[in-house]
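By convention here, the first residue in the shown sequence is residue 1.
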Amino acid sequence: MLYHQINFLIVDDVHPLLLDFFKQKGAYFSYQPAIQPSEAEKIIKDFSGLIIRSKFRVDKTFLEKAPLLKIIGRAGSGMDNIDVQEAQKKNIVLLNAPEGNRKAVAEHALGLLLGLLNKMPQSNREVKQKIWQREANRGTEVGSKTVGIIGYGHTGREFAKYLHCLGANVIAYDRKKGYGDTYAKEVTLEYLQEQADVISFHVSLNEDSRKMFSPLFLEKCEKPFWLLNTSRGEVVDLATIYEGLANGKILGVGLDVLENERLDALNAEQEAIFEKITQFPNVILSPHVAGWTVESYKKISEVLATKIADLIESYEIL
């Protein structure tokens, strides 16, 4: 299939590089980053390609209205906002770009960890109030820790590289086998829960990982630990985090993602837990920006463009 035989609907903001790629290849595209899902449903029947990011959900109903669709490109790392099983039934090729933001996520995770270990949020707040407490804000070094990484894909491995440079003992658990390398030792989940001083989630969201961090998971952790999540909010149960913070099992938390990121639309239970967690000085929150740096914004589009080119030029979607 040649480029002029496929047309893309782009329903989210992407780097201009991807638009330039389509122009150079002679592919037709309609760039509508502000389009509403209901509006996209009305016109998707005319498109054979779809480019999304994280806010747009491609479910069975949407796919049923897209008889020509051959490619869905996700300008990001996960596929959790796509009904993968239904898309595969329709022989739609799914592409994403986890290679594009792995460095960004790894750096952000390291930043969260350094902030927690060195008590940066609380010392910053205190000094601004002219409170000078050195002993109370004594930090601890990454190199003295055993860091357990759950999910050893693109971002997990990149995080391990940074930790390795700092002298940390890095262990990793993943459902796949044979992933251990120079940067991390392959271990069971049980071993990780026994040994880790820091636990960092780098998993995709699926039925196995949803609420993976649960009361049972917390109970199986042998010693107090710091917790990081830069993957998906639904992986970590906030009520369990509060339980761990309250009883001292969790020494500190760094979250870039939340179960419900629409903070203006939390239900009563979510609101109560959120308010409790934010009262702890050893909690650092960021608004789902770990993989969204100036550089990754461009790299994601570069990776996606390369994958689309490889697919079309190999005629694999004919």
Regarding [X] and [Y], does a basic nitrogen lie under 4.0 Å from an acidic carboxylate oxygen?
X      : Y      : result
Glu207 : Arg210 : yes
Lys249 : Glu222 : no
Asp237 : Lys211 : yes
Glu64  : Lys45  : no
Glu158 : Lys161 : yes

Using the ring centroid of each side chain, check whether Phe62 and Phe56 are separated by less than 6.0 Å.
yes
inquiry  = For His202 and Tyr152, I'd like to know if the aromatic rings sit close, meaning centre-to-centre distance below 6.0 Å.
reply    = no
> Should Phe47 and Tyr28 be marked as a side chain to side chain contact (heavy atoms under 4.5 Å, CB included) after you check the CA-CA gap, both sets of side-chain angles, and the distance that decides it?
Replying inline: CA-CA 10 Å; Phe47 292 89; Tyr28 173 77; 4.0 Å; yes
Between [X] and [Y]: side-chain donor-acceptor atoms closer than 3.5 Å:
X      : Y      : answer
Asn247 : Tyr242 : no
Ser30  : Gln32  : yes
Asn101 : Ser296 : no
Gln122 : Asn282 : no
Asp256 : Ser286 : yes

For Asn206, the side-chain hydrogen bond (donor to acceptor under 3.5 Å, both in side chains) test, sequence neighbours excluded, returns Ser209
Practice item. If the plane angle is over 60° it's perpendicular, under 30° parallel, otherwise tilted; pick one for Phe213 and Phe201. Key: perpendicular
For this session: Give the C-alpha distance, both sets of side-chain angles, the deciding distance and a yes or no for side chain to side chain contact (heavy atoms under 4.5 Å, CB included) between Leu50 and Ile71.
Result: CA-CA 6 Å; Leu50 175 68; Ile71 305 173; over 6 Å; no
Rounded to the nearest 0.5 Å, the CZ atom of Arg53 sits from the CG atom of Asp12 at a distance of 4.5 Å
CD of Glu186 to CG of Leu192, rounded to nearest 0.5 Å, is 12.0 Å
Contacts of His154 meeting ring-ring contact (aromatic ring centres under 6.0 Å, His included) (sequence neighbours excluded), chain-then-number -> none
message: Let's go through Glu99 and Lys307 carefully: what are the C-alpha distance in whole Å and the side-chain angles of both, what is the deciding distance for salt bridge (charged side-chain N to carboxylate O under 4.0 Å, His left out) to 0.1 Å, and is it a yes or a no?
response: CA-CA 11 Å; Glu99 304 91 338; Lys307 290 185 177 182; 3.2 Å; yes
Let's go through Leu255 and Ile241 carefully: what are the C-alpha distance in whole Å and the side-chain angles of both, what is the deciding distance for side chain to side chain contact (heavy atoms under 4.5 Å, CB included) to 0.1 Å, and is it a yes or a no? CA-CA 11 Å; Leu255 303 177; Ile241 287 180; 3.8 Å; yes
task: Apply salt bridge (charged side-chain N to carboxylate O under 4.0 Å, His left out) to the pair Arg138 and Glu135, showing each step before the final yes or no.
output: CA-CA 5 Å; Arg138 185 195 292 266; Glu135 185 57 36; 2.7 Å; yes
